[in-house]
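To keep things clear, I will list the structure first and then write my remarks on it.
A quick note: this is a predicted structure, and the numbers were derived from the prediction, not measured. In each ligand, atom 1 is the first atom listed, and ligand 1 is the first ligand listed.
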Amino acid sequence: MIRLNDISKSYPAGFGRVYVLRHVDLEIKEGDFLSIMGPSGAGKSTLLHILGLLEDPSEGEYLFLDESVQGLNEKKRTLLHRDHIGFVFQQYHLIDELTVYENIETPLLYKKLGASERKSRVADVLDRFNIVAKKDLFPSQLSGGQQQLVGVARAIVARPRVIFADEPTGNLHSDQAREIMSLFRELNEKDGITIVQVTHSEENAGYGKRIVNLKDGVVITRN
Ligand code: ADP
Ligand code: ADP
């Protein structure tokens with residue numbers, strides 16, 4: 001589903017360039033649950049942003065669903081993102097002015113689905129995640145764990161093939177973290193959604209199927 005061939009990412013610095021990722025090769029098959037680990041500054045977020053089509057590599061080739069991402073114009077890239085990718089953020093990134101219901105509905109509006117289809121899809125995830133009673137509340141009225149449930153609900157409501165999650169439990173207590181990780185496992189095993197998460201936590205990585213370790217922008221181990 002995803003293939004990175006000899007990807008590097010660098011920025012101009014002084015007279016030269018600073019490399020954030022160097023010669024990264026990575027293949028992610030449909031149905032995988034991958035954890036990207038490594039110390040702070042290793043390049044984990046940058047790798048996730050490249051995988052999630054939010055940033056381009058400076059060198060190398062990225063194939064997403066067998067298509068070279070570099071060759072795509074902005075419109076096609078946006079469509080690929082909209083139709084296949086869900087993102088989950090450490091800080092949730094919910095829209096404060098919208099209710100839980102409206103936050104979850106947002107990707108369906110981008111997808112231009114009709115009102116009745118939107119309604120039934122949002123109702124399904126509210127029900128599945130056990131947050132029907134919270135649907136008219138605003139993010140500020142929820143605990144961190146509940147906000148992240150809404151974040152995951154929003155990420156899956158449009159039925160993506162892959163979810164990219166950047167430290168999804170970084171702000172949560174351990175019991176809330178386990179709830180989110182169990183949910184990811186279920187989405188992976190039952191729904192077949194491919195999951196790629198950045199995490200510092202061995203326990204979180206234990207919910208996944210394999211780990212890639214980065215250090216100083218280089219893949220040092222993988223299993
Ligand atoms: P991690 O997620 O593993 O902590 P990041 O991918 O966030 O690592 O960042 C890796 C390195 O790249 C850091 O040293 C960071 O300062 C640097 N970096 C990230 N974005 C930029 C940028 N836009 N310009 C210059 N350096 C950057
Ligand atoms: P952190 O993991 O450090 O908390 P965030 O998850 O807050 O970082 O955000 C990571 C990056 O993703 C930020 O640089 C932000 O600008 C970008 N970002 C946030 N929301 C979106 C979005 N909906 N689409 C694309 N990029 C986003």
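- Aromatic ring pairs are classed by plane angle as parallel below 30°, tilted from 30° to 60° and perpendicular above 60°; the pair Phe89 and Phe87 is parallel.
- Protein residues having a heavy atom under 4.0 Å from any atom of ligand 1 are Tyr11, Val20, Pro39, Ser40, Gly41, Ala42, Gly43, Lys44, Ser45, Thr46, listed by chain and number.
- Residue Phe138 belongs to no hydrophobic cluster, having no ILVMFWY side-chain heavy atom closer than 4.5 Å to its own.
- The two residues Gly217 and Leu214 make their nearest non-hydrogen contact at C-CD2, 4.3 Å.
- No side-chain N or O of Glu30 forms a donor-acceptor pair with one of Thr194 less than 3.5 Å apart.
- There is no side-chain donor-acceptor pair under 3.5 Å between Asp56 and Gln70.
- Of the residues Arg159, Arg128, Arg185, the one that meets the salt bridge (charged side-chain N to carboxylate O under 4.0 Å, His left out) test with Asp191 is Arg128.
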